[in-house]
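Notes for the one structure printed next.
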Protein chains: 2
Amino acid sequence: MPAMSILSATHDLEPILNKTMADIVEARLREFIRNKNYKPGDSLPTEMELAEGLGVSRNVVREALSRLRMLGIIETRKKRGMVITQPDILGSFEKVLDPIMIDETTMRDIFELRLVLEMGLPDLLFPRLTDAHVAELEKIAREEQATDNFRIQNEIAFHGKLYEITGNNTLKRFQSLLLPIFAYVITLEEKPTRGKISHSGLVELLKTGNKEAFRQGMLEHLRPHFDRLEHPAPGETA
Amino acid sequence: MPAMSILSATHDLEPILNKTMADIVEARLREFIRNKNYKPGDSLPTEMELAEGLGVSRNVVREALSRLRMLGIIETRKKRGMVITQPDILGSFEKVLDPIMIDETTMRDIFELRLVLEMGLPDLLFPRLTDAHVAELEKIAREEQATDNFRIQNEIAFHGKLYEITGNNTLKRFQSLLLPIFAYVITLEEKPTRGKISHSGLVELLKTGNKEAFRQGMLEHLRPHFDRLEHPAPGETA
DNA sequence: GCTGTCTTTATGTACTACATATCGCCAAAT
DNA sequence: ATTTGGCGATATGTAGTACATAAAGACAGC
């Protein structure tokens, strides 16, 4: 059997790609939109024209268009046809961000990503910080002390406010989307120990205006999480 | 005209939601998968069963399934039906991350996001840094000095390596996906000034083992970009 | 010049039909 | 008895037809 020689190769024999027409049409449409340099508001050919042009049934074209529609790349109005729109880049992200779907490794990766964001945040935070912002943070920190016990909601409110202060809406939404992952990972951890620096402590550091002091405070605040990240870089045998 | 009274209300008269059957079925299927607590490998009912159960045509079900298939939530095999899979969370992200589709505000947001990541990176980088890693970075830095002129490719190689060293594959891929946005934003900037600290300088700081010194070096390296972010937090009149 | 109606047209949905791949079963061969 | 090969059943993939619906554009009426 000459076919056997293929298997004997070092190739990892990945499954043969079973591309369906809808997949191909989707890719072709993407390419089409790119090459034609369509801008938001421009309208595409009709479904029938696309189907005929591509030599497939209208059904297939509709499946492909349905995908683009879900991603927010196009919108369709009844008679006018389909128009190009600006997709919400986080909208599609949201659709697959469900803890039940994600493997644990990826969830830990995302958790680390959050820690990185948090530690880099001061450089965006300080230039845009106002007295009003500080007051809001103080209020949230006070509520934390009032309830005393570890409230995940308060945690979310405080850190969420930090992102909000940056004025970077994409960043803020990104953080919001990642929240369920954080919550899930935290439930995986045995004892929810708190860092030495509380939210009130962070606010005090903010008020000093010392960015690096604040960053070190944040590091202390997140210390319990960082301490858990002891798995080394995988695949690196150096 | 009594209809006018509606407009006079404070409601922002958002466009009537024109949900198509495919949209609804997509949502229902998502819900279905969640509630049934499906795990990867489990198989869904057939298209006909779903269509009959939902009271819609097979066409509509197929459009919805086509979307889930694109996101990698399900896979379909010829006779076995459809099986749940673990989606690649960044795969869908990739599909909408095209500079021609994204408005400039979002692109600037993403650019800032990159800066935040970069500044937070040391806390993930240092615990996992090896001598071999340093050697690789040195090599890249040397190639930069050899070519002398500002090479975007070298920039990508160096910073990409930093992400790679973290061993966080999701983070690394995320950064890779964002690269086209960075490249685009940089082309928007008039003069591509370089920071005071070069890549070689960063490697030297790495070798000292002083995390904070490295972070400050990174800040200097990125200074030209940070200096451009002077638009204040929008909507905040405080 | 504005308003209301009518026609046209493209999408949304349903249904039928058939090709194709594959799973499971059963029989035949070793 | 285990394996191999073929056969039928079945679910997806694709094509095509038909019709409802909404909306854009034209046109007539005031």
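Side chains included, hydrogens not; waters and symmetry mates left out as well; all remaining heavy atoms used. The structure displayed is predicted, hence computed values, not measured ones.
Using a 4.0 Å cut-off between a side-chain N of Lys or Arg and a carboxylate O of Asp or Glu, B:Asp88 and B:Arg173 qualify as a salt bridge.
Taking atom CG on A:Leu50 and atom P on C:dA10, their separation rounds to 12 Å, with Å as the unit. Rounded to whole angstrom, the span from the CD1 atom of B:Ile74 across to the C1' atom of D:dA11 amounts to 13 Å. Counting to the nearest Å, the P atom of C:dA14 and the CD atom of B:Glu63 are 10 Å from each other. The interatomic distance linking A:Ile24 (CD1) with D:dG13 (C1') rounds to 12 Å, in whole Å. Rounding to whole angstrom units, CE of residue A:Met82 and P of C:dT9 are separated by 17 Å. The distance from atom CD of A:Glu47 to atom P of D:dG16 is 15 Å, rounded to the nearest whole Å. Between the CZ atom of B:Arg62 and the P atom of C:dC15 there is a distance of 16 Å, given to the nearest Å. A straight line from CD of B:Glu26 to P of C:dG12 spans 14 Å, rounded to a whole angstrom.
Both A:Gly55 and B:Met48 sit near DNA chain D, but only B:Met48 has its closest nucleotide nearer the 5' end.
Taking side-chain N and O atoms only, B:Thr20 has no distance below 4.0 Å to OP1 or OP2 of C:dT11.
In the set C:dA14, D:dT12, D:dT14, D:dT14 carries the atom at the smallest distance from any side-chain atom of A:Ser57.
Aromatic ring centroids of B:Phe174 and B:Phe93 lie under 6.0 Å apart.
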- Query: Once each nucleotide of nucleotides 17-25 of chain C is scored for protein heavy atoms under 4.0 Å, what B/S/- sequence comes out, 5' to 3'?
  - Reply: B--BSBB--

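In this structure, B:Thr170 and A:Thr105 have side chains that are not in contact, with every pair of non-hydrogen atoms separated by 4.5 Å or more. Using a 4.5 Å cut-off on side-chain heavy atoms (C-beta onward), B:Arg67 and A:Arg69 make contact.
The CD atom of A:Gln86 sits 10.0 Å away from atom CE of B:Met101, with the distance rounded to the nearest 0.5 Å.
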Extract all donor-acceptor atom pairs below 3.5 Å that involve side chains of residues 72-80 of chain B and protein atoms in other chains or at least two apart in sequence.
residue, atom, partner, partner atom, Å
B:Glu75, OE1, B:Arg77, NH2, 3.4

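A ring-ring contact (aromatic ring centres under 6.0 Å, His included) check over residues 55-83 of chain A, counting only residues at least two apart or in different chains, returns nothing.
The base of D:dG16 sits with one of its N or O atoms less than 3.5 Å from a complementary donor or acceptor on the side chain of A:Asn59.
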